[in-house]
Structure formats: structure tokens, C-alpha cells
2 protein chains.
Amino acid sequence: MAALTIKDIARICNVSISTVSRAINNDPTINAKTRERVMEVVREFNYIPNNSARNLKMTESNTVALIVKGINNPFFQGMFPYFQKRLEDLGYQYLLHTVGGDADEGYVAEAIAKEKRLKGIIFLGGKMNYPEKILENIRIPMVLCSVAGLSHEDNIHPRVSTVSIDDSGEAHKVVEYLIRKGHRRIAIITGQKDDLTVGRLRLRGYRKALEENGIAFDEELVGYMDDGIPEFTEANGYATMKKMLESGTEFTAAFVISDRMAMGAYKALYDAGKRIPEDCSVIGFDGIEMTRYMQPSLTTVKQPVEELVESSVQMLMKQINGSRERKHLIYDAELLERDSVKFISNS
Amino acid sequence: MAALTIKDIARICNVSISTVSRAINNDPTINAKTRERVMEVVREFNYIPNNSARNLKMTESNTVALIVKGINNPFFQGMFPYFQKRLEDLGYQYLLHTVGGDADEGYVAEAIAKEKRLKGIIFLGGKMNYPEKILENIRIPMVLCSVAGLSHEDNIHPRVSTVSIDDSGEAHKVVEYLIRKGHRRIAIITGQKDDLTVGRLRLRGYRKALEENGIAFDEELVGYMDDGIPEFTEANGYATMKKMLESGTEFTAAFVISDRMAMGAYKALYDAGKRIPEDCSVIGFDGIEMTRYMQPSLTTVKQPVEELVESSVQMLMKQINGSRERKHLIYDAELLERDSVKFISNS
DNA sequence: CTGAAAGCGCTTACAG
DNA sequence: CTGAAAGCGCTTACAG
């Protein structure tokens, strides 16, 4: 009844547990025939080693953990396969761990690092509001990928490298693009009112672009995400756009800071009898697959997923190999011009 | 440099490691003041116990694992929060583990069960083609939720309970609905040609409904998913629908066996100059949030997510509490009548 | 090439 | 209430 252990296998094979261990771990010093004999028993009895014991004993693994805040973000979901492939190609075990919105990813990271003897950690998403305090105790290489709130003005902990896009800058480009297309009444659907991450940064870029172009910032044109609906979802985009439409504020274009929300916004516009882009242009953000299939296909900002992944992995590898260099890389996103934005003349 | 252990804390506090352990685990026999003194040090040094050691020593945890095959399925993703909530409400730790398409979920389950001293396992998705062999060695309570290929004709391992919908029956209902709406040339976009899971089952229901209504099954109307594109994605639905359209086969309605694929199919139809539902009706499957926001909103089959979750958890709890009863529950899905299906008259 | 022994970092009877 | 000791299931020097 009790689960099979290495002792049981040893007894059955009439060898020591050392030998069983060597067989399982493919130790080069073991006799090939002994190994085969042991492995046959292992297979026959379906013996699986206890990983807790293994991890406890081993001084190091070759595992890298990807710690994700917000599993519901399809943009992150799209990154998983890339991380997995790159890491496995490099011969590392890949461990995906998701943390809930309320959990402290620093604590979780530390706990897993101990438990699994991690070689390194890549944080994906989240806020890292208190990098100093949280990161202080994590002694292994780590990289923050797409972690918001790490713009240049913030002081970043000297032990971490970061890879991200320039959220504020990209938002700025989006708004400049809309302005070039003749829009002046430009709405934004952004994060919650108290947001401290991408919502805040993208809103900042929006505002800056407006001001640089002599367009007064108008609080009426800012739609804050509804904090009673899950973040970044279609439902939230729908509700927020609907509220703005009902408020009577006029605008000819809307910058929605996530693609899923843009999909909800589309629906709200259609429900109000508006056509896209004839009556209202829409731009999304992230560049997830779905946007190609929206009707009309969504003009959006495509995050450089492969570069973000590649670069995160490379920086982690450097640290694992002893480099003490830390970098803070910013990659350019790409504006995908599709069919949801219309040129209007201001005559 | 080396990570902090319970010994270090004991030394610093001038107590035994037993006492530190008792403080951390909130053992009722410990003196409140001692406990506080220890915990202060724990906090100060940010000590985190090694879970491997813990798991190794403890004879049981109160952890339940959710093992998911195919993290990319948004339908499953939508279920996570429900599982988490139910399990945590019941006082269990919840562990989400995803396995890749190639991995053997039985092996993985067994390994985690050992490592974490699991109380139970819920499998979500996947095929479980060889229930006998795989499940033989897992000695802890387990429930299969939405695991395909477990229709009544298959012989299910006596140690497992299952919760699912009737894929074939629901597909049957979809097609009957389309027939009632006047359609006779009904296409289906289903799984890959060699699919043995939901694709096969839903195709079977489609075929049966046709035949019962005196409509000859026409292989031309079956669009098998493109096996060169990730499964169940918009891109795959787009490519498959496009191919069908280009083949020149005529149809007035299409049953697409996943909502995401239906989104891709929409686009292919639009690209071909067709209107939905005027020129072609479309029905999806799953009932994910996005479908409400499609244009037109998608008529689809909503899987009873909450019931599937609730029931899976309840059956697992019964087993954990000693019940030897096994059930195979089938829940009804709900046809969400929205705007993508049109009534046509056959005059 | 193989085995006996130490020890990874914890928890938990058992004494006191 | 606290401590000394055993032991969870492994891996890995160290002998032989």
C-alpha cells in the first residue's frame, strides 16, 4: 500500500540502494548489465523516485522557474511556449508557476528556489513595487520580464536585470499615430484608477503626446477600467466603453490598452450603432493572435514577444554563468496597421 | 551565503530546532512568548522553510492538484478560478500543474503525488487513452474532469470517477437545432483527422443527427483541423474554413467545435464576402466569454463550467473521506441562442 | 564496479 | 512547555 521507495527496489534486485540510485540517474560508473536489471524492475513496478527527497539531497538542479503573475493574461499565455522552448533547448528544466493577484511573488519565488534548488528565476508580469525588500533575499540569478513600474525613473534593485517595452513611449507613439490620422478627440481606456503598472504608464504616454501636440488633456476622455469586473477582459472593455459612450463625450478614436478590452469596446460601439472605423477608430495593445480575426481587424501594438523571451533567457544564462553585469533592456513594439483606424480630415 | 535553515534560526534564538518548527507551524503546545520571539527572528531574517524537507517528512499534506493537459485552451483557463475557489474554501491547498502535449499525465501525476503527498488529483482535459495502465499505480483519490474519450462505450478504470458533458450528444443537439432552423447543408469544423477526443465525439454526434433527419453524410462538408497549426486556435479555424470555402462546397451553416476556431471561421467567411448569418450561419462550442463580443455575437454551446467544477470537487472530497463509490456524471450543456444563426426556409 | 554511511532540512513521537 | 533523537527517501563522497 505504501508507495514504493528506492529501498524496495534495492531489496527486489538484491543490490544496495546506491546501485539503484546510480541506475536511475544513469551514473556512468555503473555496470551496464546491473543497470538494465535494475531498470527492468523499476519499470515493472512502475517505481517513481520521490522528488522531495531528491531535491533535498541535491545541491543543485538545472531548473529555471518562470513565475507568472496573472495567468489570465493571454499576452503572457502566448509567451509560455517560447520560454519553454528556449529553456529546454538550453538543457534546462522549465517550471511554470503562477501566483494569484494577492500573493507576494517574492516570497513564492524564494520558497520555490529553496524547494527546487533553482538555477534561476524569470518573473513575468506583476508589479514588483518593492523591489528592494522582496529581491533582497533571493540569491539566485533572476530577470524581470514585462514587469511594470520599472521605468527609468524608478530605482531598480542592483541585483536584477529587466527586459520590457517602454509602455509610456509606445502609448505615446499610438497617440501620435492617431493624431497624424487627423484625430484630436482621442479617448483612452486604461487601467483602474489606482493602477500603478501599465495602466499608469500608458496613460502617461497618452497625455504627453496630447500635450506635445497642443491638444488639451481632457479627463472626460479617460475611461478607467471598472474595478468590479476582472481586469483586462472583454467584459471590462465593454462596460468601460459603454459608460463613456453614455456620458455623451465625443471622440473620434479610442486607444484601448489591451486587445481583449478592445474586443469588448468594439461591441459597445456596435451596440451604440457606431461603425468601426467610420464613426470611431480603435487601437488596441499587445498584438495577440485574436486581433487579426476581429471585424474589422484591429490596429494594435504588437509586443516583441520573441525578443522579450530570448533576451530574458539570455540575460539569465549570463548570470547563471557568473556574470555580474545587469542590464535594463527596452525593446520596441511594432504598430500593426490594420483596419480599425480611419484617416479623418479636420476641415 | 548558503540559504538559511531551521538550525540557523534555532541558534540565533537559543532554542532547539523543535521549538522553531513548533513556532513556524503554530503548534498549540508552544509557549506564546517563545513563539513570538522565534517568529520575530524568522521575519527579521526572512526565513522560509524548505518545502522539500517538509514534504519529505510529513506523511500527508492537504494539497489537491489540478493537472491540466493543454494550458492553451481558454475554456480550461476559465475553469481555474472556480477550482481554486472551491478547493480553498474547503481548506485545501491548490496546486495547478500543466503538462505538455507530449507528456504522460499519469506519470506526472504519480510523481507529484509522491513529491507533495497529495490528498487527491483532478485531471482536467487530456485523453487518458490508456486508463488501465496509467491509473493503476495512482493510489490516491482522483477525478477526471472534461477528459475526452470516456464515453459510455469505453471501459473506464474502476478506480476513477469522471465528470464531463456528452460531447456527442451536445453536437447532436447543435445539428438538430440547425436543422430545425431550416439548414440541410451543414458543414462541421472538427478536430484533426486522427483525433480521438472531442473532435471524434462531436463529429459522431453531427453525423448521427444528420442521418436521423434523412440528410446524407457528406465528407465534403467535414473540415478537419489543420495539423500544421496549433489546435483550437483562431488561425486554425480560419485556415480550415478558408479551405472549405475554396473547395467550392456549398453550405448554409457551419458547426465549429471550438469558439476560438469559430472566430477564425468568421474572418474567413468575411474575407470571402459572406455575411453572418445571412449567407452562412455559425455555431461554436464552449461558451467562453469572448463569444458574447463577437460580431455578430456567437450562438454557441455553453459548457456548464461551474457544475463541472463543483461536481468534480465534491466527488473528490467523497473519495478523500473514504467513499469507494465511483460515478460517471454527465452534465447538460446549454445552447446559447445569439445572433449568428439564421432561419432559412426550404422552399 | 558496488556498498555502507553520512547527511540534505525538516517534523514529531517520546522524555523530561 | 522544551529538547534530543529518529527518520522521511534520496545522492554522493569514500572505501574496497
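Naming: A, B, ... by sequence-line order, numbering from 1 per chain. No hydrogens, no waters, no symmetry mates; every other heavy atom, side chains included, goes into these values.
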In whole Å, what is the span from the [atom1] atom of [X] to the [atom2] atom of [N]?
X        : N     : atom1 : atom2 : value
B:Glu115 : D:dC8 : CD    : P     : 18 Å
A:Arg117 : C:dC8 : CZ    : C1'   : 6 Å
A:Arg11  : D:dG9 : CZ    : C1'   : 14 Å

| field | Nucleotide nearest B:Asn31 (side chain, heavy atoms from C-beta), chosen from C:dG3, D:dT2, C:dT2 | value | D:dT2
Please tell me if the side chains of [X] and [Y] come closer than 4.5 Å, counting only heavy atoms from C-beta onward.
X        : Y       : result
B:Leu124 : B:Phe83 : yes
A:Phe80  : A:Val68 : yes
B:Glu44  : B:Glu40 : no

Donor-acceptor contact present, side-chain [X] to main-chain [Y], <3.5 Å:
X        : Y        : answer
A:Ser146 : A:Gly125 : no
B:Gln319 : B:Met142 : yes
B:Lys114 : A:Leu4   : yes
A:Arg326 : A:Arg324 : yes

Taking only the side-chain nitrogens and oxygens of [X], find out if one of them lies under 4.0 Å from OP1 or OP2 of [N].
X       : N     : answer
A:Ser16 : C:dA4 : no
B:Thr19 : D:dG3 : yes
B:Ser52 : C:dG9 : no

| query | For DNA chain D, whose closest nucleotide is more 5', that of B:Leu56 or that of B:Ile30? | reply | B:Ile30
| said: Can you list every stem that DNA chain D is part of, counting only runs of 3 or more consecutive Watson-Crick or G-U wobble pairs with both distances under 3.5 Å? | reply: C:1-3 with D:14-16, C:5-12 with D:5-12, C:14-16 with D:1-3
| side-chain hydrogen bond (donor to acceptor under 3.5 Å, both in side chains) evaluation trace for A:Arg54 with A:Asn25 | CA-CA 11 Å; A:Arg54 227 173 193 172; A:Asn25 294 301; 2.7 Å; yes
| remark: Here the gap from A:Glu115 atom CD to A:Asn55 atom CG, rounded to the nearest 0.5 Å, amounts to 7.0 Å
| When every nucleotide of nucleotides 10-16 of chain C is labelled 5' to 3' by its protein contacts under 4.0 Å (heavy atoms), B for base, S for sugar-phosphate only, - for none, what sequence of letters results? | BBBBB--
